[in-house]
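Reckoned from all heavy atoms, side chains included, excluding hydrogens, waters and symmetry mates. Chain identifiers are assigned alphabetically (A, B, ...) following the order of the sequence lines, protein sequences preceding nucleic acid strands; residue numbering begins at 1 within each chain.
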Amino acid sequence: MTQFCLSFQNFRLHQRKAHTSEAGINNSLADVTRMTWKRIGLQGITTQDFKTTYLSLSGYEAVLAWFEDIDVNLKTVLNYTKNFMQFMKYINIDMDLLLVSNDQREYNRLTCLQVHISNMRSGLDSGVFELHKRQMNSKPMPPTPTEVKWVLAVAKADFYKGMDELRKKDDSGPILTKTRIAFINRYITAYLCLGQGIHVGEAENMYSSEFQAAYNGEWMLSDRGEPHIVVHVANHKTNVTQDCRIALNPYWTDNFDLYFRYLCTIIFRLKNPTHPYFFTQSDGHHFRKVSDWIKKLQKQYKVPKITSSTARCSWVERRPEAHRE
DNA sequence: CTCTCGGTGTATACGATCAT
DNA sequence: ATGATCGTATACACCGAGAG
């Protein structure tokens, strides 16, 4: 029986032609690899030695059984299956393998396998739907905004202290300690993600220029009648459609302005960074992994862990139906 | 000098969102 | 609605600057 080597480079190439992002390709390739390697007894086999004959229905069922064993969420199983199906589809149309002409028998076998997996996938689909319905019915209320913002309240005194240090500084001399800078970064991004319910990605990818533009622009009145500025985060690294508007009242505008004038400018000058992001680490690098830092902040102040996603649920829950979107 | 902690990279599970 | 893809949350090992 003819067996074929399969290079994952071909799969990558194929995905790139379909304009899939590099991260997306890595993601699905990792899923496929786990799916095919970890449970079909292929441990120790390199991708170069891979043969299509290794794919089988019993292998797929073994994977399902394994997932059941380790109690993986059904949605994840479905996700893996989707990726696996895409992988198989690719094999059957792969120009290097040319199964249709080179090995009609193997081509038919894989087509048959695809149909089987497609059927099982339908079962997974309805299972996920049921799961979703049940989850929606028994979904607990998200924490109240007060609970969400609890960490901001308990850390407020320290934050004041940090900002006072900043206020007293001129723009020369050494910057604050790295611990203090990290704390200020954590606190302000926690305010954005927990206090305003924005995505962590927006805090991470906000540009200095976006704050400046808002700061130099017009002040607006909020629905409560107090003046505030709106930072429109549009230059989003990951997804343009995920823009957001950050509304800052005078208190936060003052803090953001201090941050911008002292931390940003001093660190920029000393560390000569090459990026334009608003939040800056003491080493001049881009402040990222906001969700990790929020977690650490909550741990440090011994308050319950609440993620930015949960915070969004909390804020959405308290909006009129019409405004939720 | 030692050791804490800020920060990085990677793998994995899975929720969210886009296009159709 | 559905399939495909993107983004987030989390765990963990590791590095190294700099606080004490």
Side-chain angles (χ1 to χ4, degrees), chain A residues 14-35 37-39 63 66-67 70-90 114 117-118 121-122 124-126 128-129 131-133 135-136 139 142 174-187 189-190 193-194 197-205 236-244 267 270-271 273 279-300 305-313 316 324-325:
Chain A
H14 175 73
Q15 296 280 77
R16 283 199 194 104
K17 280 176 189 159
H19 303 294
T20 306
S21 74
E22 218 49 40
I25 296 174
N26 289 337
N27 212 352
S28 66
L29 207 47
D31 282 350
V32 167
T33 309
R34 279 192 287 279
M35 195 77 185
W37 257 250
K38 286 202 173 161
R39 210 49 206 178
V63 175
W66 173 59
F67 278 140
I70 60 174
D71 202 24
V72 163
N73 193 301
L74 202 56
K75 286 178 190 172
T76 309
V77 180
L78 177 62
N79 209 16
Y80 276 118
T81 303
K82 284 177 184 177
N83 280 297
F84 191 59
M85 286 174 69
Q86 194 187 17
F87 178 69
M88 291 204 50
K89 197 163 78 186
Y90 164 69
Q114 266 184 281
I117 292 179
S118 170
R121 182 247 154 86
S122 306
L124 286 175
D125 262 331
S126 48
V128 168
F129 180 70
L131 192 70
H132 184 67
K133 246 189 353 195
Q135 274 173 355
M136 292 308 279
K139 196 179 175 188
I175 46 183
L176 307 181
T177 66
K178 64 174 186 178
T179 307
R180 176 117 306 164
I181 293 172
F183 171 69
I184 292 175
N185 275 332
R186 292 173 191 186
Y187 193 91
T189 50
C193 297
L194 302 180
I198 72 164
H199 283 86
V200 295
E202 277 134 17
E204 286 174 3
N205 298 307
H236 197 272
K237 189 183 83 178
T238 48
N239 196 335
V240 192
T241 57
Q242 264 191 17
D243 80 351
C244 88
I267 292 177
L270 293 181
K271 308 288 180 174
F279 291 110
T280 306
Q281 295 176 181
S282 55
D283 59 5
H285 289 169
H286 180 188
F287 185 66
R288 294 183 292 120
K289 289 197 161 201
V290 166
S291 65
D292 277 346
W293 305 138
I294 291 179
K295 210 169 46 188
K296 284 199 176 176
L297 194 67
Q298 288 161 337
K299 193 178 170 193
Q300 183 189 345
K305 257 194 296 189
I306 294 178
T307 66
S308 64
S309 307
T310 311
R312 269 195 302 290
C313 291
V316 167
R324 290 188 180 183
E325 196 171 338

* Heavy atoms, side chains only, cut-off 4.5 Å: are Thr189(A) and Phe287(A) in contact? -> yes
* Shortest side-chain distance from Asp292(A), nucleotide among dA9(C), dT8(B), dT10(C) -> dT10(C)
* Asked: Is there a side-chain polar atom (N or O) of His285(A) under 4.0 Å from OP1 or OP2 of dG7(B)?
  -> no
* Would you kindly give the CZ-to-P distance between Arg288(A) and dG9(B), to the nearest whole Å? => 6 Å
* Length of the line joining Glu202(A):CD and dT8(C):P, which is rounded to integer Å -> 8 Å
* Asked: Between Ile306(A) (CD1) and dA9(C) (C1'), how many Å, whole number?
  -> 15 Å
* Asked: Roughly, in whole Å, what's the span from NZ in Lys295(A) to C1' in dA9(C)?
  -> 7 Å
* Asked: If you measure from CD on Gln300(A) to CD on Gln298(A), what distance do you get to the nearest 0.5 Å?
  -> 11.0 Å
* Structure fact -> Taken to the nearest whole Å, CD1/Ile181(A) to P/dG18(C) is 10 Å
* Report yes if a side-chain nitrogen or oxygen of Gln281(A) is closer than 4.0 Å to either non-bridging phosphate oxygen (OP1 or OP2) of dT8(B); otherwise report no. => yes
* To do: Identify which nucleotide among dG9(B), dA9(C), dG7(B) has an atom closest to any side-chain atom of Lys289(A), counting heavy atoms from C-beta outward.
  => dG9(B)
* Considering only side-chain heavy atoms of Thr179(A), which listed nucleotide, dG7(B), dG6(B), dG9(B), is closest? -> dG6(B)
* To do: Please round to the nearest 0.5 Å and tell me the distance separating atom NZ of Lys305(A) and atom OG of Ser291(A).
  => 10.5 Å
* Flag the pair Lys178(A) / Asp283(A) as yes when at least one side-chain heavy-atom distance between them is below 4.5 Å, and no otherwise. => no
* Asked: Just how far, in rounded Å, is P of dG6(B) from CD1 of Ile184(A)?
  -> 13 Å
* **Residue whose closest nucleotide on DNA chain C lies nearer the 5' end, Lys305(A) versus Glu204(A)** => Glu204(A)
* Examine dG7(B): is either OP1 or OP2 under 4.0 Å from a nitrogen or oxygen in the side chain of Ser282(A)? Give yes or no. => yes
* For the side chain of Lys178(A), counting heavy atoms from C-beta on, which of dA11(C), dG7(B), dA17(C) is nearest? -> dA17(C)
* To do: Counting heavy atoms from C-beta on, name the nucleotide in dG18(C), dT10(C), dT17(B) closest to the side chain of His199(A).
  => dT17(B)
* Taking all non-hydrogen atoms of both residues, which atom of Cys193(A) and which atom of Ala311(A) are closest, and how far apart? -> O-CB, 3.6 Å
* Asked: What nucleotide among dA16(B), dG9(B), dG6(B) has an atom nearest to a side-chain atom of Arg186(A)?
  -> dG6(B)
* To do: Figure out the CD1/C1' separation between Ile198(A) and dG7(C), and round it to whole Å.
  => 15 Å
* Are Ser291(A) and dT10(C) close enough that a side-chain N or O sits under 4.0 Å from OP1 or OP2? -> no
* Asked: Rounding to a whole Å, what distance do you find between Lys296(A):NZ and dG6(B):C1'?
  -> 7 Å
